[in-house]
Amino acid sequence: MNETQQFFQEIKQARTADTFVKLTLSKPIRKSADLENVYLREVEIQKEKMISFTYRFKTNDQVKNYSLDGAIDELAILLNSSFRIATLFTLEKDVAIRINKKGKTSIATIPPTFSDKLPVHHDKHKVKRVSDSEFLFHLGIKDKQGKLIPKMADKYKQINKYLEIIDDLLKSTPLPKKVNIVDMGSGKGYLTFALYDFLRNTRQLDIQVTGIELREDLVTYCNEVAKKCGYSSLSFISERIENYNADRIDVLIALHACDTATDDAIYKGLRSKSSLIICAPCCHKQVRQSVKGTTQENPILKYGIFQERQFEMVTDTIRALILEKNQYNTKVFEFISNEHTRKNVMLVATKASKSPNIEAIEAKIEGLKKEYGVAEHYLETRID
């Protein structure tokens, strides 16, 4: 029995034992191919279990249903002509078959990703936001056996919470069929990779994700990891946020971009009229430094630590008001507990349909600035 026959036998055994969860085909043989992925899962049609194939093309999805024998035949054709990797997910184990450029085939088995089966109805999906994808190993979150590295537990929790928030936001935000996402200040790419993997492989959205990061060593590293993982629509660019330009940004993300870099990112989102702007502000220095030497009448501001926290709130409130002035609905919330990170405030803006009361918003901004002796907010100067 060769490797391909062994892989097909694993599929049949999983179906017989009722442990089959899903199967994915990835890494097209030809980079120019329109067919980028195929996703298989069980569905129930007229009380008969079938295998549903979702063919992910660059411009659209197509769905076809097969019997088990028909599914095996179709898989054989796809593995022979279109893809180099097929991954079978079962409740007992995950099995991946890989075919290299010389036609040599290998099989690898790892612990199971899923502990529950997916629903067999077309309209319901059980969401597993962080799967045991290859990027988790390359970024040092899990080891080769797929086990979470203890010191990365907080980062793993942060990733899960982040994806939960993004998932809910995208469900309520009108977006084009192909979504252009830009992550400004992507760093080592923990959240950027997680977002791409979740939206592309779990939510099966047609996306292009670009990470913007000034440090060239991190950009090089992240691009290498993206290549190893076969993430063809994920790339990283070494660029200052204020210098980056794109024709279209549907979703703009800026997590922990330091000080005014957050404002530069928001400005890019405003200029692109992004449908969704997501920020986790960091290092609020500009407003606090602009009031140095100014006598503050508020007794709270006598103490340095309180002054720092107060001006963080002032900075982000003005940011939110500026976004509202530019026809966005805004909300500010804690996206993960303080025990995991102090940088835990998230500012979210979604494009609104109703025109804002600009005069009223401007009055609020000027009132805040006057109360705290703020001469100017950097985001205002960027827009002006």
Side-chain angles (χ1 to χ4, degrees), residues 3-5 7-8 10-12 14-15 20-43 45 50-90 94-108 113 118 122-123 125 128 131-135 170 175-181 193 195-210 223 225-235 250:
E3 288 83 357
T4 303
Q5 292 171 331
F7 184 72
F8 291 156
E10 293 279 6
I11 298 172
K12 292 177 180 178
R15 284 296 309 279
F20 179 92
V21 178
K22 68 174 186 175
L23 189 150
T24 65
L25 291 167
S26 58
K27 201 169 185 179
I29 292 174
R30 291 173 296 279
K31 291 183 179 180
S32 60
D34 287 336
L35 183 59
E36 297 182 328
N37 295 94
V38 181
Y39 304 95
L40 285 68
R41 68 184 185 95
E42 285 184 329
V43 294
I45 301 174
M50 307 280 285
I51 301 294
S52 178
F53 282 58
T54 299
Y55 298 83
R56 166 60 52 80
F57 292 91
K58 289 181 178 179
T59 57
N60 69 305
D61 289 353
Q62 296 179 14
V63 178
K64 295 182 181 179
N65 300 313
Y66 297 88
S67 64
L68 177 58
D69 290 339
I72 295 295
D73 292 341
E74 177 68 5
L75 269 177
I77 294 171
L78 291 168
L79 274 175
N80 184 55
S81 62
S82 302
F83 293 96
R84 296 191 186 281
I85 299 176
T87 306
L88 168 66
F89 298 88
T90 79
D94 294 349
V95 184
I97 183 169
R98 296 172 180 263
I99 306 169
N100 67 19
K101 293 180 180 180
K102 295 182 180 180
K104 185 177 179 180
T105 304
S106 61
I107 281 188
T113 297
L118 300 177
H122 281 286
D123 57 345
H125 294 270
K128 183 177 178 63
S131 63
D132 285 335
S133 298
E134 189 177 350
F135 81 88
L170 291 181
L175 292 168
K177 189 161 187 179
K178 181 162 187 176
V179 186
N180 189 31
I181 301 172
F193 276 94
L195 179 66
Y196 178 90
D197 182 75
F198 174 68
L199 295 182
R200 187 77 174 181
N201 298 324
T202 302
R203 283 297 180 208
Q204 300 184 19
L205 297 179
D206 189 2
I207 58 172
Q208 175 68 48
V209 178
T210 305
N223 279 324
V225 173
K227 186 176 180 181
K228 289 176 183 177
C229 294
Y231 293 168
S232 58
S233 297
L234 172 63
S235 61
D250 301 308

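We count residues from 1, following the sequence as given.
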Legend entry - Pairing residues for Phe83 by the ring pair (Phe, Tyr, Trp, His ring centres under 6.0 Å) criterion, not counting sequence neighbours: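 Ring pair (Phe, Tyr, Trp, His ring centres under 6.0 Å) list for Phe83, sorted by chain: empty.
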
Inset, instruction - With sequence neighbours excluded, tell me which residues meet ring pair (Phe, Tyr, Trp, His ring centres under 6.0 Å) with Tyr196. - result: Tyr231

Under the side chain to side chain contact (heavy atoms under 4.5 Å, CB included) test, which residues partner [X], sequence neighbours left out?
X: Ser235; value: Gln208, Thr210, Asn223
X: Ala96; value: Thr87
X: Asn100; value: Lys102, Lys104
X: Arg84; value: Lys27, Ile29, Lys101

Inset, instruction - Check Lys22 against Asn201 and note the closest heavy-atom contact, atom names and distance. - result: NZ-O, 4.2 Å

Inset, instruction - Identify the two heavy atoms, one from Ser52 and one from Val63, that lie closest to each other, and give their separation to 0.1 Å. - result: OG-CG1, 3.4 Å

Using 0.5 Å steps for rounding, measure from the [atom1] atom of [X] to the [atom2] atom of [Y].
X: Ile99; Y: Glu3; atom1: CD1; atom2: CD; result: 10.0 Å
X: Leu175; Y: Ile207; atom1: CG; atom2: CD1; result: 11.5 Å
X: Met50; Y: Ser67; atom1: CE; atom2: OG; result: 6.0 Å
X: Asp73; Y: Leu68; atom1: CG; atom2: CG; result: 9.5 Å
X: Leu23; Y: Ile97; atom1: CG; atom2: CD1; result: 10.0 Å
X: Ile181; Y: Leu205; atom1: CD1; atom2: CG; result: 8.0 Å

Residues that [X] engages under side chain to side chain donor-acceptor pair (under 3.5 Å), provided they are two or more places apart:
X: Glu74; answer: Tyr55
X: Asn37; answer: none
X: Asn180; answer: none

Legend entry - Residue Arg98 excluded, over 12 heavy atoms near CZ under 6.0 Å: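 12 or below, so no.
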
Just so I know, are the side chains of [X] and [Y] near enough to count as touching, which here means a heavy-atom distance under 4.5 Å?
X: Phe8; Y: Leu79; answer: yes
X: Ile11; Y: Ile72; answer: yes
X: Leu199; Y: Leu170; answer: yes
X: Arg15; Y: Ile51; answer: yes

Legend entry - CA sep, side-chain torsions, deciding dist, call: Leu25, Leu35, side-chain contact (heavy atoms from CB on, under 4.5 Å): CA-CA 10 Å; Leu25 291 167; Leu35 183 59; over 6 Å; no

Legend entry - Arg200: salt bridge (Lys or Arg N to Asp or Glu O under 4.0 Å) partners, not counting sequence neighbours: Glu36, Asp206

Inset, instruction - Go through the structure and list residues passing salt bridge (Lys or Arg N to Asp or Glu O under 4.0 Å) with Asp94, not counting sequence neighbours. - result: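 Asp94 satisfies salt bridge (Lys or Arg N to Asp or Glu O under 4.0 Å) with no other residue.
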
Legend entry - Within 45° cone and under 6.0 Å: Lys64 NZ/CZ vs Phe53 ring: no

